[in-house]
Amino acid sequence: MRRLDQLAAALREQLGAHADTLVEDLGELTLTLPASALLEVAALLRDDEALAFSELLDLCGVDYAGYGGSRTWPARYASVSHLLSIRHNWRLRLRVFAPDDSLPVLPSLCGVWPSANWFEREAFDLFGILFEGHPDLRRILTDYGFIGHPFRKDFPVSGFMEMIYDEEQGRVIYQPVTIAPRENTPRIVREESYGGGRG
Amino acid sequence: MAELQNYTINFGPQHPSAHGVLRLILELSGEEVVRADPHIGLLHRGTEKLAETRTWIQSVPYMDRLDYVSMMSNEHAYCMAIERLLGIEVPLRAQYIRVMFDEITRILNHLLNIGTHGLDIGAMTMVLYTFREREDLMDAYEAVSGARMHAAYYRPGGVYRDLPEQMPKYQANKFKDAAAVGRLNAAREGSLLDFLEDFTARFPACVDEYETLLTDNRIWKQRTVGVGVVTPERAQALGFSGPMLRGSGIVWDLRKKQPYEVYDRVDFDIPVGRNGDCYDRYLVRIAEMRESNRIIRQCIDWLRADFAKGAGPVITESHKVAPPSREKMKGNMEELIHHFKLFTEGMHVPEGEVYAAVEHPKGEFGVYAISDGANKPWRLKLRPPGFAHLAAMDEMARGHLIADVVAIIGTMDVVFGEIDR
């Protein structure tokens with residue numbers, strides 16, 4: 001039995017109906033959870049002897065607006081975490097969609113894995129996902145006083161404001177950006193039959 | 001007299017021992033740290049967002065600039081993610097070259113860490129010794145890629161080109177006469193592999209030298225033993241990886257546990273600490289350099305034998321992913337079109353998502369890539385090991401004296417290129 005099948009079997013046994021969304025792709029398992037069940041399942045994933053996901057390695061926000069592939073997604077924002085079990089040497093990906101696109105709110109995983117703290121701050125900073133129950137939800141990567149969430153798909157790469165040194169005033173000022181956004185290589189998704197198939 | 005209260009100081013972002021641009025707000029009670037609040041992001045360049053606007057291959061050089069002291073390891077994780085999405089195999093020779101350069105990178109990184117950690121807490125000479133060996137390894141980087149640091153040598157599907165058969169040499173100038181240049185060139189008469197073999201023969205004695213300076217040094221031990229202790233349970237909860245996790249006594253190394261490339265064919269050991277303090281993590285790093293040296297030696301032997309048999313390719317033959325050779329491109333219309341399409345439109349990566357992790361010198365460096373089938377990533381998330389380590393700053397520094405904060409920053413091996421991205 002492959003390690004991945006063992007993990008899938010263990011997850012189905014311990015999580016019951018929550019494991020229905022388990023998907024295997026490219027040698028990795030992904031579990032999609034509803035926001036309401038996240039904390040309960042996360043605690044189980046960490047504490048259950050047969051699963052023992054002791055580490056949360058990564059948590060990130062994703063914005064699916066304008067996704068060009070064939071898959072469809074139930075909501076615009078999701079938080080994706082990568083878990084690792086040191087004891088059993090296996091990994092799991094957790095995906096949780098924020099129910100409301102205009103105000104994405106998700107429960108915070110800080111209480112289960114303390115390492116989620118900064119990763120959630122980052123997802124809040126870059127995507128504007130609010131984590132309920134987070135002890136200290138401040139911006140982390142962007143500048144003090146930054147407005148907006150720069151990794152959202154509707155935020156241009158050139159930004160909205162720029163910071164320059166003003167000779168006349170003798171100080172640093174903020175002003176609307178003066179560079180126009182440009183795209184050297186357009187984004188292209190090939191149709192299925194192009195060139196006789198993929199690749 | 002007014003009652004004394006806690007006061008707050010600003011440590012950095014221009015402090016020399018802040019290892020870059022770390023702004024640390026320390027709340028102190030006397031000299032004791034009550035709370036440490038790291039402010040990061042002063043080097044944030046939005047690499048992940050930039051990658052969404054560039055073709056897959058154009059982002060390879062950005063990876064060098066994440067952790068700018070272990071350049072090739074970052075590229076490795078990124079290339080591995082693309083290869084898994086595409087489902088392509090890397091030629092065996094390229095896998096050995098990658099493993100060899102991953103270990104060269106590990107030595108480069110640990111040399112910088114041990115040198116500057118020593119510098120931070122008073123062992124001023126360390127950095128002079130470690131930078132001497134770094135110079136040789138940088139020359140190996142330069143010989144293979146043309147750049148001393150930002151190599152862009154790993155490419156999806158393999159490595160950019162095979163190892164050079166001649167090592168570049170120094171030339172006499174008004175600062176160095178023929179005799180001095182002759183001494184410098186002694187190890188550079190042969191190929192890159194000869195040069196590296198000479199290095200692996202010399203290097204264990206160099207590590208002994210570093211150890212005579214630090215390992216039993218009373219001041220070094222006073223500054224590191226029992227400082228920044230992390231228990232195995234907390235190390236897992238805080239998301240530690242690499243030497244930070246192994247220093248706490250957990251046997252975990254992706255090269256052994258989830259082998260990638262040819263790590264399952266080379267022989268090496270995983271050094272593990274016992275107490276989880278700064279001193280144990282230092283010992284782990286020293287021992288890791290010796291192990292890396294062993295791995296490099298084994299790779300050299302294999303690459304030599306392979307070369308004698310007539311070296312195989314170092315990058316995939318699929319011209320949808322890797323460019324054709326210049327020679328073929330000049331004489332064949334189809335190859336020319338491949339070349340043109342690859343460097344203008346870029347490669348198309350099938351729809352899907354993948355998380356590829358490598359045992360980076362600092363810990364687990366992961367690349368989470370989502371592709372929607374376009375010529376650019378839909379989302380690229382880089383998982384830097386230092387980010388999780390620095391997040392534990394508050395917990396590790398609390399209750400220590402302010403001078404120990406410097407020792408803790410040093411032991412975390414933070415580099416802001418990767419933390420701020």
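A note on names: the letters A, B, ... follow the listed sequences, proteins ahead of strands, and every chain is numbered from 1.
Salt bridge present: B:Glu353 and A:Arg93 bring a charged side-chain N and a carboxylate O closer than 4.0 Å. Between A:Arg91 and B:Glu364 there is a salt bridge, since a side-chain N of the basic residue sits under 4.0 Å from a carboxylate O of the acidic one. Looking at B:Asp372 and A:Arg187, a side-chain N of the basic residue comes within less than 4.0 Å of a carboxylate O on the acidic one, giving a salt bridge.
Scanning both residues, A:Ser115 and B:Gly239, for their nearest heavy atoms gives CB-N, 3.7 Å. In this structure, B:Gly352 and A:Asp25 approach most closely via the heavy-atom pair CA-OD2, 4.4 Å. Residue A:Phe151 comes nearest to B:Gly46 through the heavy atom pair CZ-CA, 4.2 Å, listed as atom of the first residue, atom of the second, then distance. For the residue pair A:Arg152 and B:Lys49, the shortest heavy atom distance occurs at O-NZ, 2.9 Å. Here the closest heavy-atom approach between residue A:Cys60 and residue B:Tyr368 is recorded as SG-CD2, 3.7 Å. Residues B:Ala237 and A:Pro114 approach most closely at O-CD, 3.4 Å, considering heavy atoms.
For A:Arg2, the CZ atom sits in a packed shell: over 12 heavy atoms of surrounding residues, nucleotides or ligands are nearer than 6.0 Å. The number of heavy atoms from other shown groups lying within 6.0 Å of CD (B:Glu89) does not exceed 12. Annotation: B:Glu317, atom CD; neighbour count of heavy atoms from other residues, nucleotides and ligands within 6.0 Å does not exceed 12. Under a cut-off of 6.0 angstrom, the local environment of CD in B:Glu334 is sparse, with at most 12 non-hydrogen atoms contributed by other residues, nucleotides or ligands. Within a 6.0 Å sphere centred on CZ of B:Phe340, other residues, nucleotides and ligands contribute 12 heavy atoms or fewer.
Taking the six-membered ring where the residue is Trp, B:Phe387 and A:Phe119 present tilted rings, their angle falling between 30° and 60°.
When side chains are defined from C-beta on, B:Arg54 does not count as touching A:Glu183, because their heavy atoms never get closer than 4.5 Å. Annotation: side chain of A:Arg138 is in contact with side chain of B:Asp37 (closest heavy-atom distance under 4.5 Å). Two residues are said to be in side-chain contact when any heavy atoms from C-beta on lie closer than 4.5 Å; A:Ile86 and B:Ile250 meet this criterion.
Heavy atoms closer than 4.5 Å to chain B are found nowhere in A:Asn117, neither backbone nor side chain. In this structure, chain A has no heavy atom under 4.5 Å from any part of B:Leu380. Contacts of B:Leu50 with chain A are made by side-chain atoms alone, with heavy-atom separations under 4.5 Å and no backbone atom involved. Residue B:Ala392: no heavy atom, backbone or side chain, is found under 4.5 Å from chain A. The contact between B:Pro38 and chain A is made by backbone and side chain atoms together, counting heavy-atom distances below 4.5 Å. Both the backbone and the side chain of A:Tyr64 have a heavy atom closer than 4.5 Å to some heavy atom of chain B. Of the two parts of B:Pro232, neither the backbone nor the side chain holds a non-hydrogen atom closer than 4.5 Å to a non-hydrogen atom of chain A. Residue B:Ser371 touches chain A through its backbone alone, counting heavy-atom pairs closer than 4.5 Å. Within the 4.5 angstrom heavy-atom criterion, only side-chain atoms of B:Thr55, from C-beta onward, approach chain A. Heavy-atom distances place the backbone of A:Asp63, and not its side chain, under 4.5 Å from chain B. If you measure heavy-atom distances from A:Ile188 to chain B, the contacts under 4.5 Å come from both the backbone and the side chain. With a 4.5 Å cut-off on non-hydrogen atoms, B:Glu395 does not touch chain A at all.
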Checklist entry - Going through the checks in order, is the side chain to side chain contact (heavy atoms under 4.5 Å, CB included) test met by A:Trp113 and B:Gln236? => result CA-CA 9 Å; A:Trp113 292 285; B:Gln236 290 181 52; over 6 Å; no
Next on the checklist: Would A:Leu84 and B:Gln258 count as a side chain to side chain contact (heavy atoms under 4.5 Å, CB included) here? Give the steps.
Outcome noted: CA-CA 12 Å; A:Leu84 171 72; B:Gln258 299 172 0; 4.1 Å; yes
Next on the checklist: Applying side chain to side chain contact (heavy atoms under 4.5 Å, CB included) to A:Lys153 and B:Trp378, what does each step give before you reach the verdict?
Outcome noted: CA-CA 10 Å; A:Lys153 290 286 178 184; B:Trp378 177 254; 3.4 Å; yes
Next on the checklist: Working note: B:Lys381 + A:Glu122, criterion side chain to side chain contact (heavy atoms under 4.5 Å, CB included); need CA distance, chi angles, decisive distance, verdict.
Outcome noted: CA-CA 11 Å; B:Lys381 171 67 167 63; A:Glu122 184 190 315; 3.4 Å; yes
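One finds the NZ atom of B:Lys257 at 14.0 Å from the CH2 atom of A:Trp90 (value rounded to the nearest 0.5 Å). Within the model, atoms OG1 of A:Thr185 and CG of B:Asn375 stand 7.0 Å from one another, a figure rounded to the nearest 0.5 Å. Atom CG of residue A:Leu126 and atom NE2 of residue B:His44 lie 5.5 Å apart, to the nearest 0.5 angstrom.
A side-chain donor-acceptor contact under 3.5 Å links A:Glu28 to the backbone of B:Tyr355. In terms of modelled atom types and a separation under 3.5 Å, the side chain of B:Arg379 and the main chain of A:Gly61 share a donor-acceptor contact.
Ranked by heavy-atom pairs under 4.5 Å with chain B, the first of A:Val62, A:Thr30, A:Asp58, A:Leu26 is A:Asp58. Between chain B and the residues A:Val112, A:Ile140, A:Val157, A:Thr142, the most heavy-atom pairs under 4.5 angstrom are made by A:Ile140. Put simply, of B:Arg84, B:Arg234, B:Glu52, B:Met347, the one with the most heavy-atom pairs under 4.5 Å next to chain A is B:Glu52.
Between the side chains of B:Glu351 and A:Ser70, at least one donor-acceptor pair of N or O atoms lies under 3.5 Å.
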